[in-house]
Number of protein chains: 2
Amino acid sequence: MNIYDIAREANVSIATVSRVLNDSAKVRDITRQKVEAVLKKYNYIPSAIARGMVTNSLKTIGIVTIDIRNLYYANVAHSIEQSLSALEFNTILCNTGYDNEQKLKYLRMLVEKKVDSIILVGSPFKDPVLDKPIEQISKDIPIIIINGLYEHPNIYSVRCDDKKALETSVEYLVSKGRKNFLYLYDAETFSANQKLLGFKNAVSRFNVNSEIFLVKPGLEPAYSKVKELLDSGFDFDAVVTSEDLTAIGALKCLIANNIRVPEDVSVIGFNNSVLSVCCTPALSTIDSRMEELGRIAVKVLHKVLKGEKAENDTIIDAELILRETT
Amino acid sequence: MNIYDIAREANVSIATVSRVLNDSAKVRDITRQKVEAVLKKYNYIPSAIARGMVTNSLKTIGIVTIDIRNLYYANVAHSIEQSLSALEFNTILCNTGYDNEQKLKYLRMLVEKKVDSIILVGSPFKDPVLDKPIEQISKDIPIIIINGLYEHPNIYSVRCDDKKALETSVEYLVSKGRKNFLYLYDAETFSANQKLLGFKNAVSRFNVNSEIFLVKPGLEPAYSKVKELLDSGFDFDAVVTSEDLTAIGALKCLIANNIRVPEDVSVIGFNNSVLSVCCTPALSTIDSRMEELGRIAVKVLHKVLKGEKAENDTIIDAELILRETT
DNA sequence: CTGTTAGCGCATTCAG
DNA sequence: CTGAATGCGCTAACAG
């Protein structure tokens, strides 16, 4: 069933059917009703593909993440999908993992499917290997990168001020009398580097001691690292991390070793995920405002799609959430 | 740029270009190389829309969930997306929330976009209001429902044996000497009913006491409920829930009230999400094998799409994961 | 093995 | 306000 069938039954031309389907132009009321009756009778749904053939758009956006099981990505993706849906856009979800080959494969798929734009979630997408292809794509469609910085025409950055966030954390802990910091981070992306930079800035500014370690993502690696540090007699009274899960690993190790939190050691995580309220004591953390980032990304995109001028780099502030580990 | 441009530059017909693009038929090696050279020169990517116009498929599947921020949905969705991607299919993600209007809107969008199939994740999609539209859609494309039962041609169920899982939990706790059970559940869907049924079966079979309460989803409502029960002097030595987060709410309340877990009270959650290892003590829980469900769903779908006969209702067993709360 | 041709279902001129 | 005609880029017969 297509508009020809509808047109025939309604005794009008396909152009008229198309018009009422999109109410794109004036159609006499009586004609419209005639057509609508037939449309309803068959519960007719037009083909977005055929429309896309003409308009060269499926009203679909690709959203590219590392792994949607990660709460951070899930939250941003959800926010994006919802904002987009309100604008009548659909979302193609891509979980690329960390492998660049996979990322390229997905990017290609999205181009094939003629998405109206691609939203890259997370800084792992700012990578030398990907730069060329991404810039190539940006010649045809706008690209938004969340929590990555990409200075290139038609590529828009929307991010949270990670650097400042870490500075704020350290500052707060210093104000509480903490003097010996441990920083655990689990990635070496743009965003991770910003956090690290913020941490380093702050400890040097406040002139406190600090040790920094890169650990594998997850709870276990952080647990082991802290255990190792404890065993080696390393002394610290504050743990700051780049991820909630890492913080929780550290926290669990401290508790297991009868170190009181927050009396002896303070802990601050990052992201304000559900995880942070599940542990005991509940984790103080930094809210990186994932939903807000998603919303802004779509807002920027919408502007660009409408041909309006949009901010090339939007930065919002994170927020320190104090719970029981500080 | 389209296949005409490629054809012209390679001095062949568009049919030949199409053939090498899909390697659908024998093409002389020398011709193929000629074409491929031009293809590479322009880094040509064919339009899936135009192809879809002819084949009536975009090699895209709709996956419909309540909310991807929920770890359960995120895990299943991830598994589906990955399995699908390996089959060269893309995934349109839909977060419908609980509102039926929204669900219908998404369903319509997916039909418009001519998806090859729709995968419904979670039992909230087995609802009288949705039955008609879903059955209508199933006339054109296969539908898979994960953790819901839908007996209808071209609709396939893939689910975890929730009933048995709950029976196993209770049985285990009884074997540990527990006699007074509290069951907290947070939804009234098909899946939730199965769990409830399993719980009831088991407590009656083992002849132990039980109280059952419906609470709102989340950590807080469970916490409050348990607090209320404790204050009222209600006596219990085992808490079983339909969700990890609910279990954690209960657990936190017990701990806060100096009730020892698992010495005084045992707790078992459901889903084996990351949350279960974040709390202290770590939560014993039921692994509902979300990744496996996603994988099987895609396997079933793939069969159907290839025109092979597939199982209408696939059931797998959950697994009891013992950690520190039992 | 390769080329010609006819649609796929729709939006969009351009006439009337 | 409405209709006829055109083409979007590709696949799939069908010829040769």
Side-chain angles (χ1 to χ4, degrees), chain A residues 1-39 42-60 88 108-116 140-141, chain B residues 1-39 42-60 88 108-116 140-141:
Chain A
M1 167 140 290
N2 54 36
I3 52 173
Y4 286 91
D5 302 318
I6 303 290
R8 193 178 321 115
E9 182 139 349
N11 255 308
V12 297
S13 73
I14 59 161
T16 300
V17 177
S18 176
R19 286 187 189 106
V20 347
L21 240 20
N22 302 292
D23 46 48
S24 55
K26 291 270 136 283
V27 175
R28 215 177 1 150
D29 223 39
I30 203 161
T31 323
R32 147 164 287 120
Q33 282 166 22
K34 228 176 14 177
V35 175
E36 277 173 347
V38 181
L39 250 24
Y42 293 105
N43 211 296
Y44 182 69
I45 299 184
S47 160
I49 302 189
R51 173 180 296 144
M53 187 85 238
V54 180
T55 62
N56 204 33
S57 153
L58 280 177
K59 301 220 30 145
T60 297
E88 305 288 313
R108 187 196 157 90
M109 272 180 137
L110 293 175
V111 172
E112 255 187 68
K113 302 261 162 101
K114 294 265 181 284
V115 292
D116 297 284
D140 293 318
I141 53 173
Chain B
M1 165 138 293
N2 52 36
I3 52 173
Y4 286 90
D5 301 320
I6 303 291
R8 192 179 321 115
E9 181 138 351
N11 254 309
V12 296
S13 73
I14 57 163
T16 299
V17 176
S18 176
R19 285 185 190 107
V20 346
L21 239 21
N22 302 291
D23 46 47
S24 54
K26 292 269 137 285
V27 175
R28 221 185 348 161
D29 224 39
I30 203 161
T31 323
R32 144 163 289 119
Q33 282 166 22
K34 226 176 17 177
V35 175
E36 276 173 347
V38 182
L39 251 22
Y42 293 105
N43 211 295
Y44 183 68
I45 298 183
S47 159
I49 302 189
R51 173 182 295 143
M53 187 86 237
V54 180
T55 62
N56 204 32
S57 153
L58 280 176
K59 301 220 33 147
T60 297
E88 304 289 313
R108 188 197 156 88
M109 273 180 138
L110 292 175
V111 172
E112 255 186 71
K113 302 259 163 105
K114 295 266 182 283
V115 291
D116 296 284
D140 294 319
I141 54 173

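Proteins get letters first, then strands, A, B, ... in listed order; numbering begins at 1 in each.
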Inset, instruction - Let me have a per-nucleotide readout for nucleotides 10-16 of chain C, 5' to 3', with B, S or -, counting only protein heavy atoms under 4.0 Å. - result: BBBB---
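Taking both residues in full, the closest heavy atoms of B:Y44 and B:I3 are given as OH-N, 3.5 Å, listed atom of the first, atom of the second, then distance. The shortest heavy-atom contact between B:R51 and B:P46 is NH2-CG, 3.9 Å. When every heavy atom of B:I49 is checked against every heavy atom of A:M53, the shortest pair comes out as CG2-N, 3.6 Å. Residues B:R32 and B:V20 come closest through the heavy atom pair NH2-CA, 3.9 Å. In terms of heavy-atom proximity, A:A7 sits nearest to A:S13 at CB-C, 3.8 Å.
Contact annotation: the side chain of B:V38 never approaches that of B:K34 to less than 4.5 Å [non-hydrogen atoms, C-beta and beyond]. At a threshold of 4.5 Å between non-hydrogen side-chain atoms, the residues B:I14 and B:N2 do not count as touching.
Nucleotides of DNA chain D with any atom under 4.0 Å from a heavy atom of chain A span, from 5' to 3', D:dC1 to D:dG9.
Direction change of the helix axis from one end of the helix from C:dC1-D:dG16 to C:dG16-D:dC1 to the other is 40°, with five pairs defining each end axis (rounded to 10°).
B:T31 contributes atom OG1, which lies 11.0 Å from atom CG of B:N11 (distance to the nearest 0.5 angstrom). Within the model, atoms CG of A:L58 and NZ of B:K113 stand 6.5 Å from one another, a figure rounded to the nearest 0.5 Å.
Without hydrogens or angle criteria, A:D5 side chain to A:R8 main chain gives no donor-acceptor distance under 3.5 Å.
The distance from atom CG of A:L58 to atom P of C:dG9 is 16 Å, rounded to the nearest whole Å. Between the CG atom of B:N56 and the P atom of C:dG7 there is a distance of 17 Å, given to the nearest Å. Rounding to whole angstrom units, NZ of residue B:K26 and P of C:dG3 are separated by 17 Å.
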